[in-house]
*Asks:* 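Here's a structure for you.
Numbering of ligands and ligand atoms starts at 1, following listing order. Note: hydrogens, waters and symmetry copies are ignored here, and every other heavy atom, side chains too, is used.
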Amino acid sequence: MLQLTQSPSARVLASLEESYERCRQITAKYSKTFYLGTRLMPEAKRRAIWAIYVWCRRTDELIDGPQSEFTTEETLDDWAAHLESLFQGQPLDDLDVALVDTLQRFPLDMQPFCDMIEGQRMDLHRSRYETFEELQLYCYRVAGTVGLMSTVVMGIDPAVNTAPWMQAQPLPNPAEEAIALGIANQLTNILRDIGEDAQRGRIYLPLEDLERFNYSEQDLFDNVIDDRWRALMQFQIQRAHRFYESAESGISVLSPDARWPVWSALILYRKILDVIVENDYDVFNRRAFVPKVRKALCLPKALLRARVS
Ligand SMILES: CC(C)=CCC/C(C)=C/CC/C(C)=C/CC/C(C)=C/[C@@H]1[C@@H](COP(=O)(O)OP(=O)(O)O)[C@]1(C)CC/C=C(\C)CC/C=C(\C)CCC=C(C)C
Ligand SMILES: Nc1ncnc2c1ncn2[C@@H]1O[C@H](COP(=O)(O)OP(=O)(O)OP(=O)(O)O)[C@@H](O)[C@H]1O
Ligand SMILES: [Mn+2]
């Protein structure tokens with residue numbers, strides 16, 4: 001049984017190897033898609049992504065996990081203080097050891113980590129979003145931030161800037177594209193989990209969109225699947241596709257050894273949208289997931305995209 005919550009104690013912390021190994025196991029257990037993506041990366045980068053994954057997962061679990069009923073503003077303040085300690089090079093528990101090492105190896109900025117904690121704070125206070133603009137801020141905080149963190153680890157291809165007249169230019173920074181991919185993933189995640197979230201009284205779909213399609217909150221809680229719902233879902237799915245599209249050009253700026261992993265994660269996570277359509281938009285009674293074999297079949301396509309673009 002993997003444990004995500006740990007209390008600091010006076011005992012000796014895990015070794016670096018043990019800590020990274022636990023991060024690997026947790027990533028493998030919690031996210032088949034992203035774990036698969038990391039398996040395609042060189043060792044040093046994949047280990048760093050596992051360490052970041054675990055910190056993100058632990059942050060998410062404060063709000064979504066089994067202990068979440070005990071999470072308050074203060075819990076998140078403590079978690080932010082814990083984060084500062086990590087950035088000062090001080091691990092407080094076994095899982096921190098890998099992240100502190102990662103922070104020493106890669107020039108990660110603390111801001112996206114803080115922003116993610118603020119995203120979780122939004123979940124503490126609200127269960128509705130009036131407009132897409134409000135939802136987009138939430139998506140940036142809980143997922144766009146992951147794009148920013150991951151980009152630092154994956155690195156930028158120095159060859160992108162090799163023309164003589166460009167030599168004085170700084171390396172390009174595909175931050176917007178990285179954020180767009182995070183938002184696309186989060187929108188997908190929201191669509192997949194509509195039923196589950198409704199059971200917790202949560203609606204992430206912007207209320208302005210529900211209104212536009214003349215579909216009420218009560219319809220959603222009653223799991224009504226009709227033409228209004230299908231049209232509303234098509235609209236949401238199209239929006240997510242647009243974010244995936246705007247992320248694509250950023251991948252060719254990344255270090256070549258990161259392109260296949262990111263294309264794979266993009267294609268596989270995006271496929272969840274296709275499965276929702278195949279399930280006739282029933283996100284209430286069926287969980288949209290991409291079967292293992294179908295995932296494997298996508299990998300050559302991702303490799304091709306990574307090579308040609
Ligand atoms: C292959 C690769 C680089 C992956 C990055 C893996 C990573 C560090 C993921 C962290 C995920 C995490 C636990 C975030 C906490 C908040 C949260 C839960 C966000 C949702 C993830 C869903 O994960 P999952 O399907 O396991 O969720 P369930 O528990 O099943 O509900 C999110 C949907 C956000 C994921 C966002 C990303 C992975 C960012 C993607 C962007 C990049 C990798 C940047 C690429 C760069 C350019 C230039 C395009
Ligand atoms: N149809 C399903 N019904 C119920 N539970 C499922 C179903 N499909 C998957 N699960 C379980 O739900 C959890 C999350 O499923 P999911 O398909 O999202 O896998 P994942 O590991 O999170 O991968 P991904 O990164 O692709 O989201 C997994 O533990 C999985 O065993
Ligand atoms: Mn998942």
Side-chain angles (χ1 to χ4, degrees), residues 4 23-24 26-42 45-65 99 102 108 112-113 115-120 122-123 138-157 160 171-194 196-197 204 240 243-255 257-272 287-290 302 305-306 309:
L4 281 167
C23 291
R24 184 192 69 74
I26 292 170
T27 311
K29 179 179 158 75
Y30 282 86
S31 183
K32 304 284 170 284
T33 301
F34 301 130
Y35 182 64
L36 180 61
T38 62
R39 293 297 298 249
L40 308 173
M41 281 177 192
K45 293 184 184 182
R46 77 161 80 125
R47 278 159 55 108
I49 297 285
W50 295 333
I52 293 172
Y53 181 89
V54 166
W55 184 86
C56 294
R57 175 54 60 192
R58 294 177 81 185
T59 308
D60 187 62
E61 291 277 314
L62 293 175
I63 297 294
D64 273 355
L99 185 58
T102 289
L108 284 147
F113 292 82
D115 289 349
M116 183 179 286
I117 297 175
E118 291 315 300
Q120 304 303 342
M122 286 171 87
D123 262 338
Y138 171 75
C139 291
Y140 158 70
R141 287 179 169 166
V142 299
T145 49
V146 181
L148 294 177
M149 299 169 196
S150 309
T151 301
V152 174
V153 169
M154 294 183 298
I156 307 300
D157 182 2
V160 170
L171 287 178
N173 179 3
E176 282 203 21
E177 292 85 348
I179 291 172
L181 185 50
I183 293 176
N185 286 345
Q186 188 61 29
L187 292 174
T188 304
N189 194 271
I190 285 172
L191 297 176
R192 185 195 67 192
D193 294 346
I194 286 173
E196 207 177 287
D197 289 330
Y204 288 97
F243 278 91
Y244 282 110
E245 276 154 24
S246 58
E248 289 181 358
S249 61
I251 304 178
S252 49
V253 174
L254 294 173
S255 170
D257 61 18
R259 292 180 198 157
W260 187 25
V262 174
W263 267 114
S264 302
L266 184 152
I267 291 173
L268 295 179
Y269 219 76
R270 192 179 193 171
K271 272 251 169 305
I272 295 173
R287 182 182 168 94
F289 71 101
V290 182
R305 296 295 306 254
S309 53

*Asks:* Could you pull out the closest heavy-atom pair between Tyr35 and Thr27, with the gap in Å?
*Replies:* CB-O, 3.9 Å
*Asks:* Does an N or O anywhere in Asn189 fall below 3.5 Å from an N or O of ligand 1?
*Replies:* yes
*Asks:* Can you run down the salt bridge (charged side-chain N to carboxylate O under 4.0 Å, His left out) pairs that involve residues 259-270, sequence neighbours left out, and say none if there aren't any?
*Replies:* Asp157-Arg259, Glu245-Arg270, Glu248-Arg270
*Asks:* Between Leu266 and ligand 1, which part of the residue brings a heavy atom under 4.0 Å of the ligand: side chain, backbone, both or neither?
*Replies:* neither
*Asks:* If you measure from each heavy atom of Val153 to ligand 1, is any distance below 4.0 Å?
*Replies:* no
*Asks:* Counting heavy atoms only, name the option from Ile272, Asp60, Val253 that's nearest to atom 18 (C) of ligand 1.
*Replies:* Asp60
*Asks:* Examine distances only and state if a side-chain atom of Arg192 and a backbone atom of Ala288 form a donor-acceptor pair shorter than 3.5 Å.
*Replies:* no
*Asks:* Heavy-atom distance under 4.5 Å between the side chains of Tyr138 and Gln186, does that happen here?
*Replies:* yes
*Asks:* So how far is it from Gln120 CD to Cys56 SG, rounded to the nearest 0.5 Å?
*Replies:* 9.0 Å
*Asks:* Could you list the atoms of ligand 1 found under 4.0 angstrom from a heavy atom of Val142?
*Replies:* 16 (C), 19 (C)
*Asks:* Determine whether the aromatic ring centres of residues Tyr53 and Tyr30 are separated by less than 6.0 angstrom.
*Replies:* no
*Asks:* Roughly how far, to the nearest 0.5 Å, is the CD1 atom of Ile52 from the CE atom of Met116?
*Replies:* 10.0 Å
*Asks:* What residues form a salt bridge (Lys or Arg N to Asp or Glu O under 4.0 Å) with Asp257, not counting sequence neighbours?
*Replies:* Lys45
*Asks:* If the cut-off is 4.0 Å to any non-hydrogen atom of Pro174, which atoms of ligand 1 fall inside it?
*Replies:* 48 (C)
*Asks:* Can you figure out which of Gly250, Ala265, Ser150 has its heavy atom closest to atom 48 (C) of ligand 1?
*Replies:* Gly250
*Asks:* Quick one: does Gln120 get an N or O within less than 3.5 Å of an N or O on ligand 1?
*Replies:* no
*Asks:* Does any N or O in the side chain of Thr188 come within less than 3.5 Å of the main-chain N or O of Ala184, such that one atom is a donor and the other an acceptor?
*Replies:* yes
*Asks:* Would you mind telling me if ligand 1 is within reach of the side chain of Met41, the backbone, both or neither, using heavy atoms under 4.0 Å?
*Replies:* side chain
*Asks:* With heavy atoms of Tyr30 as the reference, note each atom of ligand 1 found under 4.0 Å away.
*Replies:* 26 (O)
*Asks:* Is there side-chain contact between Thr102 and Leu108, with at least one heavy-atom pair below 4.5 Å?
*Replies:* yes
*Asks:* Out of all atoms in ligand 1, which are within 4.0 Å of some heavy atom of Leu181? Include the element for each.
*Replies:* 40 (C), 41 (C), 42 (C), 45 (C)
*Asks:* Considering distance alone, does some N or O of Asn185 sit under 3.5 Å from an N or O of ligand 1?
*Replies:* no
*Asks:* With heavy-atom distances below 4.5 Å as the criterion, would you say the side chains of Leu62 and Arg58 are in contact?
*Replies:* no
*Asks:* Tell me the closest heavy-atom pair linking Gly182 and Ala143, and the distance in Å.
*Replies:* O-CB, 3.2 Å
*Asks:* Got a second to check how far Leu148's CG is from Asp115's CG, nearest 0.5 Å?
*Replies:* 8.5 Å
*Asks:* Considering distance alone, does some N or O of Thr38 sit under 3.5 Å from an N or O of ligand 1?
*Replies:* no
*Asks:* Tell me which part of Arg39 gets within contact of ligand 1: side chain, backbone, both or neither, using heavy atoms under 4.0 Å.
*Replies:* neither
*Asks:* Going by the atom numbers of ligand 1, which of them fall below 4.0 Å from some non-hydrogen atom of Asp193?
*Replies:* 31 (O)
*Asks:* Please work out which of Glu196, Arg57, Lys32, Glu177 has its closest non-hydrogen atom nearest to atom 13 (C) of ligand 1.
*Replies:* Arg57
*Asks:* Can you list the ligand 1 atoms lying under 4.0 Å from a non-hydrogen atom of Ala247?
*Replies:* 49 (C)
*Asks:* If you take the nearest heavy atom of each of Gln186, Glu61, Arg141, Glu176, which one is closest to atom 20 (C) of ligand 1?
*Replies:* Gln186
*Asks:* Run Val262 and Ser150 through side-chain contact (heavy atoms from CB on, under 4.5 Å) and show every step you take.
*Replies:* CA-CA 10 Å; Val262 174; Ser150 309; over 6 Å; no
*Asks:* Within the 4.0 Å heavy-atom shell around Tyr269, which atoms of ligand 1 are there?
*Replies:* 22 (C), 23 (O), 24 (P), 25 (O), 33 (C)
*Asks:* Under 4.0 Å from a heavy atom of Ser31: give me the atoms of ligand 1 that qualify, with their elements.
*Replies:* 26 (O)
*Asks:* Does even one non-hydrogen atom of Arg192 get within less than 4.0 Å of ligand 1?
*Replies:* yes
*Asks:* At under 4.0 Å between heavy atoms, is it the side chain or the backbone of Cys56 that contacts ligand 1, or both, or neither?
*Replies:* both
*Asks:* Any idea which of Ile63, Ile49, Val146, Thr151 brings a heavy atom closest to atom 46 (C) of ligand 1?
*Replies:* Thr151
